[in-house]
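One structure is given below, encoded as structure tokens.
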Amino acid sequence: MCGIFGYIGRRPEAVKLVVDGLKLLDYRGYDSAGYVALSEGKFISVKKVGKVAELEASLSDLLTPSNIAIAHTRWATHGKPTEINAHPHFDDQSSLTVVHNGIIENHDAIREMLQKKGIIFSSETDSEVIPQLIGYYYKGDLLKAVQKAVGKLKGAFAIVLMHKNHPDELICVARECPLAIGIGKEEMFIASDAHAFLTHTKKVIYLHSSEIAVIKRETIEAFDGNAVPITKESEDLDIDVEKISKGHFPHYMLKEIYEQPQSVSNALLSRYSDEYGTAILDELGMTDEELYKIQRIIILGCGTSFHAGLLGGYMLEERARIPVQVEISSEFRYKNPIIQENTLAIAISQSGETADTIAAMRELREKGAKIIGICNVQGSTLAREANASLFLRAGPEIGVASTKAFTSQLILLALITLRFARMRTMSQKEGKDFINALTCLPTQIRSILDHADLIEKIANKYASYENFFFLGRRFMYPTAMEGALKLKEIAYVNANAYPAGEMKHGPIALVDDKCIIVAFCSDSVTYPKILNDLMELKARNGKIIAIAPEGSRELFSIADDIIIIPRTIDELTPLLAALPAQHFAYCVAKKRGTEIDKPRNLAKSVTVG
Ligand code: G6P
């Protein structure tokens, strides 16, 4: 949600460096983009409505030479996506400039106070109060002015700023929004996601908890939220550069769909013991005794991560017989939840930065729950604040619609289930069978992808329809929710997910020959039931696409089209069924010509609550 990139260093091509860096961040928001560079004491700034590509197209070959610049790609919160509202923003003297990610909650009060002092605002954004307030406090000592202003700001934010009178430094602040600083040779990079500067350096430090850093080309001076100097240790990033390119794929989403045999293997690697038929989750940092004491589990997430959480809930209750409550973070945080002793919370977030999930996690922590994070980004807020984290090891996920992160989240939830179940209800033999099913998944995923042509053919047949129902029962219901979300996100098609048994309580009124039903039929317990549900919909002329396991002969006389997937245990069939759902949505979107990797109105990482 908004991407920031900054550069200070020995190279004179700061503008190109920040715009190139921004290109790797535009999945965070793409309503407008802009940069500002300081050259011979003057700010040179360009802003464009739309994606970073628009900004890039406006750059001439003769770029202003500069060795200090900041850039921003915006996901609009306050104020329309116009050039005036695009970042960077300036104080009314045009002496300092700021890029901002997050929301300033008390912007109205600050704006009013500054306007009374005669300060003139140019945009409708909350962000503009930041340079204006710092400018108002500035009396020659920039750091002091920033510290004073930050003390007045309420909300979550990451900020990078530059001042004409201080041409050899950038000042950064991070409160509840991510900011990584890459340390190069006589140069520093600043980005919302560290992978954006990976081609330049792998040495990184992360700012958080209202920390402020003064960054010069060779030094970083850091302070905590109380202005006390602190030492920040750098770490080495463990990401391959090639993992952030599209390779030969036309879209990141397709590449990420095809990476799943590998990402699922990575998630499993060294996390189970064949011999004992159990999961090895040393990263949890919990003893067997501590795990055994857990009486209740709360799972939190948003979007796709919430759907993975729902499936985790089904798995854990079914196999480990522990009561599980699965909640959408944005609702849970306002529910004043009741937390009993021996409650474990599992917070799921691909990015590790989703504001609602972080807030819900903090609420739980304050109430005494122990938190396990399931996330993909090391150094993220979730990873830092949880008691322990299990990393997906899926590599960067760039496509806004989550694919490989979902299947890796399911693997980790299955491993947690196995660990808990083996301590309670599951025999060693059952544990070994569970592991066997897990280890077959990469090959099974490959076999689904080998039949991607058929999925594309079916998607093309139905791509022009406007109304879809995604149905499932038991393990297939959250899977249907995830399938419907994919179609909504990237193809902009109205897709409603329902438990199939619920259709007759109202939604069936919408079914006619223009209605497409995508039925997830891989749950063995409810298979006969969903056949009945589908018969009722067929009788109302609904067109049925069934996603079903090998040998589902009964469906041949019911469904208009069938996508066959390999058989596995019920707990893992959502993972296999997700593959055709992802690819179906991808192909429908391709046929409809929508923006696949950066769908309208969305952002990959939602750092505002
Ligand atoms: C955004 C993304 C979704 C994602 C959700 C949660 O809405 O567009 O794809 O599922 O955030 O993100 P997280 O990083 O917490 O998993």
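Both counts, for ligands and for their atoms, begin at 1 and track the order of listing.
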Quick one: does Thr357 get an N or O within less than 3.5 Å of an N or O on ligand 1?
no

Salt bridge or not for Glu385 and Arg362, using N-O below 4.0 Å?
yes

Partner of Glu259 under salt bridge (Lys or Arg N to Asp or Glu O under 4.0 Å), picked from Arg393, Lys404, Arg446, is Lys404

Check whether any N or O atom of Val400, backbone or side chain, sits under 3.5 Å from an N or O atom of ligand 1, and answer yes or no.
yes

Could you find the nearest protein heavy atom to atom 14 (O) of ligand 1 and give me its residue, atom name and distance?
Ser351 OG, 2.6 Å

Identify, for atom 7 (O) of ligand 1, the protein heavy atom at the shortest distance, and state residue, atom and that distance.
Val606 CG2, 3.8 Å

Salt bridge present between Arg175 and Glu211 (N-O < 4.0 angstrom):
no

Going by an N to O cut-off under 4.0 Å, is there a salt bridge joining Glu466 and Arg592?
yes

Atom NZ of Lys232: over 12 foreign heavy atoms under 6.0 Å:
yes

Gln409, any N or O under 3.5 Å of ligand 1 N or O
no

Give me the nearest non-hydrogen protein atom to atom 12 (O) of ligand 1 as residue plus atom name, then the distance to 0.1 Å.
Thr354 OG1, 3.4 Å

I'd like to know whether the aromatic ring centres of Phe5 and His72 sit less than 6.0 Å apart in this structure.
no

Give the residue and atom name of whichever protein heavy atom lies nearest to atom 11 (O) of ligand 1, and the separation in Å to one decimal.
Lys604 O, 3.8 Å

Side chain or backbone of Glu489 under 4.0 Å from ligand 1, or both, or neither, by non-hydrogen atoms?
side chain

Suppose we measure from atom 8 (O) of ligand 1 to each protein heavy atom; which comes out shortest, and what is that distance?
Ala603 O, 3.1 Å

Identity and distance of the protein heavy atom lying nearest atom 6 (C) of ligand 1
Cys302 O, 3.4 Å

Less than 4.0 angstrom from a charged side-chain N to a carboxylate O is my criterion; do Glu363 and Lys335 meet it?
no

Could you state the interatomic distance from CG (Leu55) to OH (Tyr35), rounded to the nearest 0.5 Å?
7.0 Å

Under 4.0 Å from any heavy atom of Thr304, which atoms of ligand 1 are there?
10 (O)

